[in-house]
Engineer: 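Here you go, one structure.
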Amino acid sequence: MGRLGRGARGGPRAGPPPPPEPRITGAAADLAGLLADWHEATGVGFHLLPTSAPADLPAVVQDLVPGLRERGLFRADYTGRTLRDHLGLPHPAG
C-alpha cells in the first residue's frame, strides 16, 4: 500500500516514497571519473544535488565542473546569447 506524503506544493501525495538518491562522497576528480563512466555506460545525463549548498556548491563549481569539462561532459560555452538561441528555437516575430 502506498504512503501518503506531501507533494511539491504541500498538498497530499499518494504513492510509495521516492527511491533513495545515491550519495557519493570523495574527491572531485573521482566523482568526475565516476560520472564519466556512468554516462558512457548508460548514455544518459545526470543531475547533481549538493547535500549542503554553502559547503558543497563551491567544491562543485571550482573542482568538479573543470573535471567534467575536461571529459566533455559539461559545456564551457553557449551557442547563443539567449536560451532560445542555445536551444535552436526561433525568435518570436515582432
Side-chain angles (χ1 to χ4, degrees):
M1 182 98 172
R3 203 172 91 181
L4 186 62
R6 293 280 168 198
R9 296 179 187 253
R13 177 185 56 81
E21 299 293 327
R23 306 233 184 250
I24 302 167
T25 60
D30 295 337
L31 178 54
L34 179 68
L35 292 172
D37 292 345
W38 182 75
H39 177 70
E40 185 177 325
T42 64
V44 297
F46 47 85
H47 294 267
L48 299 176
L49 179 64
T51 302
S52 168
D56 297 337
L57 199 52
V60 168
V61 172
Q62 296 167 4
D63 302 326
L64 180 60
V65 168
L68 294 173
R69 283 186 177 150
E70 289 172 7
R71 292 166 171 83
L73 296 174
F74 199 96
R75 75 176 62 93
D77 296 307
Y78 289 87
T79 57
R81 293 179 8 154
T82 67
L83 180 60
R84 284 184 178 275
D85 293 335
H86 178 64
L87 297 175
L89 299 173
H91 288 267

Engineer: Taking all non-hydrogen atoms of both residues into account, name the closest pair between Leu73 and Ala36 and its distance.
Structural biologist: CD1-CA, 3.4 Å
Engineer: Can you give me the closest heavy-atom contact between Pro58 and Ala53, atom names plus distance?
Structural biologist: CD-O, 3.7 Å
Engineer: Taking all atoms of both residues into account, what is the closest heavy-atom pair of Arg71 and Ala32, and its distance?
Structural biologist: NH1-CB, 3.4 Å
Engineer: Can you tell me how far OG1 of Thr42 sits from CG of Asp37, rounded to the nearest 0.5 angstrom?
Structural biologist: 10.5 Å
Engineer: Taking side chain as C-beta onward, heavy atoms only, is Leu31 less than 4.5 Å from Leu35?
Structural biologist: yes
Engineer: Holding to side chain to side chain donor-acceptor pair (under 3.5 Å), I want the full list of residues that pass it with Asp85, two or more places apart in sequence or in another chain.
Structural biologist: Thr82, His91
Engineer: Any heavy-atom pair between the side chains of Leu34 and Phe46 that's under 4.5 Å?
Structural biologist: no
Engineer: Considering all heavy atoms of both residues, which atom of Val44 and which atom of His39 are nearest to each other, and what is their separation?
Structural biologist: O-ND1, 2.7 Å
Engineer: Determine whether Leu57 and Val65 fall in the same hydrophobic cluster, where Ile, Leu, Val, Met, Phe, Trp and Tyr are linked whenever their side-chain heavy atoms lie under 4.5 Å apart.
Structural biologist: no
Engineer: How close do Arg75 and Arg69 get, heavy atom to heavy atom, and via which atoms?
Structural biologist: O-NE, 3.0 Å
Engineer: Over all heavy atoms of both residues, which pair between Ala28 and Leu64 is shortest? Give the atoms and the distance, please.
Structural biologist: O-CD1, 3.6 Å
